[in-house]
Number of protein chains: 2
Amino acid sequence: MKESTQQERELPLALRAAYMALHRNTEAAFAQHGVTADQFVLLLALSEGQALTQRELADRISSDPSTVRAMLVLLEKMELIQRASHPTDSRAKTVALTASGKRKLRKLWKAGQSIRDEMYRCMTPDEVDTLICQLRNITSTLNQEKSLV
Amino acid sequence: MKESTQQERELPLALRAAYMALHRNTEAAFAQHGVTADQFVLLLALSEGQALTQRELADRISSDPSTVRAMLVLLEKMELIQRASHPTDSRAKTVALTASGKRKLRKLWKAGQSIRDEMYRCMTPDEVDTLICQLRNITSTLNQEKSLV
DNA sequence: TATTGTTATACTCTATAACTATA
DNA sequence: TATAGTTATAGAGTATAACAATA
């Protein structure tokens with residue numbers, strides 16, 4: 001007899017609730033900086049791999065090219081990012097943080113520190129590692145191609 | 001020396017990526033049923049506590065009263081839910097699933113079964129329980145009032 | 001032919017503020 | 001006064017399809 005049946009059916013909802021709470025807290029923390037939580041994720045992706053193309057960005061933040069473009073247009077208006085033509089592929093554009101964008105990102109990172117602290121306060125470092133590992137497993141399982149099924 | 005520092009800073013992103021993957025898969029699975037993932041969550045909340053008010057619903061799906069209203073208007077057009085005046089509080093309205101809404105929810109539950117199976121396939125039942133527990137801790141920590149800080 | 005990006009378009013969710021009616 | 005819901009309004013993210021230019 002499985003004792004966890006009732007809990008098991010609530011994993012998706014628990015995942016959603018946790019993400020929603022994180023998202024809401026992040027939006028609130030970034031509101032005064034004029035940046036949304038999703039824009040922050042995009043900036044963060046840019047800070048890790050410089051000079052990404054828009055398509056690469058879309059993959060990284062698991063979004064759509066046209067969605068990414070809409071976000072980039074907004075960020076470019078704020079002068080946080082800059083697009084330039086790709087050195088070898090003239091179809092493509094490279095996207096990079098501006099100096100102002102890097103400063104903004106550092107501010108945002110600080111503004112979000114208390115949120116991360118709260119999350120980590122719930123558990124030990126080992127538990128954090130395990131949790132991240134499980135979340136990544138879920139992500140990669142769900143992102144596998146379903147074409148063969 | 002902490003060995004998990006590098007991983008730790010990625011918990012928020014890992015949480016986001018997992019939720020995004022879940023959300024995307026769910027949207028795809030429900031597309032042919034004409035219902036969004038968020039609408040499904042709302043229907044699910046209604047199936048658990050019958051005759052909720054709109055405010056109670058907003059709290060449950062951790063959303064906004066006006067957002068909930070917009071969603072309810074759509075669902076009412078589809079005849080999946082019905083609103084009626086509250087028996088004792090004439091300001092309030094109670095919301096309930098229609099018979100058609102209950103049928104739709106059962107279909108959606110089936111349509112999403114393979115997604116849940118994939119999630120659970122990543123781990124043991126015990127791990128699922130632990131994971132849910134941690135996610136709930138994160139949720140409640142992040143949802144605590146920040147007014148005292 | 002396939003791919004990168006753009007454009008047009010539309011829909012859902014989100015959220016604030018002002019408002020009505022009721023508790 | 002506080003609360004439940006409505007309305008108007010606005011913006012962000014999402015996504016599809018058609019298109020141009022290039023690989």
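Throughout, protein chains are lettered first and strands after them, A, B, ... in sequence-line order, and every chain is numbered starting at 1. Quantities reported herein were computed from a predicted structural model and do not represent experimental measurements.
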Donor-acceptor pair between A:Asp126 and A:Thr124 side chains, under 3.5 angstrom | no

Mind calculating the distance between CE (A:Met20) and C1' (D:dG13) to the nearest angstrom?
-> 13 Å

Closest non-hydrogen atom pair between B:Ala37 and B:Glu27, with its separation = N-OE1, 3.5 Å

Candidate pair A:Thr130 and A:Cys133, rule side-chain contact (heavy atoms from CB on, under 4.5 Å), full reasoning = CA-CA 5 Å; A:Thr130 308; A:Cys133 193; 5.5 Å; no

Contacts of B:Val68 meeting side-chain contact (heavy atoms from CB on, under 4.5 Å) (sequence neighbours excluded), chain-then-number -> B:Leu57, B:Ala58, B:Ile61, B:Ser63, B:Leu72

Please report, rounded to the nearest Å, how far the P atom of C:dT12 is from the CG atom of B:Leu43.
-> 14 Å

What parts of residues 31-41 of chain A reach DNA chain C, counting only heavy atoms under 4.0 Å away?
-> none

Could you tell me whether the side chain of B:Arg116 and the main chain of B:Trp109 form a donor-acceptor pair under 3.5 Å?
-> yes

Where is the tightest heavy-atom contact between B:Leu142 and A:Asn25, given as atom of each residue plus distance?
-> O-ND2, 3.0 Å

Value in whole Å for how far the P atom of D:dT6 lies from CG of B:Leu57 = 12 Å

Would you say C:dT4 has OP1 or OP2 under 4.0 Å from some side-chain N or O of A:Arg83?
-> no

Distance-minimising heavy-atom pair for A:Gly34 and A:Met78 | O-SD, 3.8 Å

If you look at every heavy atom in B:Phe30 and B:Leu108, which pair is closest and at what distance?
-> CE2-O, 3.3 Å

Which value, rounded to the nearest 0.5 Å, describes the distance between B:Ile138 atom CD1 and A:Leu22 atom CG?
-> 8.5 Å

Is it the case that more than 12 heavy atoms not belonging to B:Gln82 sit under 6.0 Å from its CD atom?
-> no

All heavy atoms of A:Leu80 vs all of A:Ser100, minimum pair found to be CD2-OG, 3.8 Å

To the nearest Å, how far apart are B:Phe30 CZ and D:dA15 C1'?
-> 18 Å

Dot-bracket notation for DNA chain D is requested: 5' to 3', Watson-Crick or G-U wobble pairs only, both distances under 3.5 Å, with ( ), [ ], | and . as defined.
-> |||||||||||||||||||||||

Rounded to whole angstrom units, what separation is found between the CD1 atom of B:Ile81 and the P atom of D:dG5?
-> 12 Å

Using heavy atoms to find the nearest nucleotide of DNA chain C for A:Gln54 and A:Glu27 separately, return the residue whose nucleotide is more 5′.
-> A:Gln54

Quick one: what's the B/S/- string for nucleotides 18-23 of chain C, heavy-atom cutoff under 4.0 Å, read 5' to 3'?
-> ---BBS

Between C:dA10 atom P and A:Asp64 atom CG, what is the distance in whole Å?
-> 18 Å

Using a heavy-atom distance cut-off of less than 4.0 Å, which residues of residues 65-78 of chain A contact DNA chain C?
-> A:Ser66, A:Arg69

Nearest whole angstrom, please: distance from the P of D:dT6 to the CZ of B:Arg55.
-> 12 Å

Hey, are B:Thr36 and B:Asp38 close enough side-chain-wise for a donor-acceptor pair under 3.5 Å?
-> no

State which residues pass side-chain contact (heavy atoms from CB on, under 4.5 Å) with A:Glu76; sequence neighbours excluded, sorted by chain then number.
-> A:Ile81, A:Arg83

More than 12 foreign heavy atoms under 6.0 Å from CD of A:Gln113: is that the case here?
-> yes

Rounded to whole angstrom units, what separation is found between the OH atom of B:Tyr19 and the C1' atom of D:dG13?
-> 12 Å

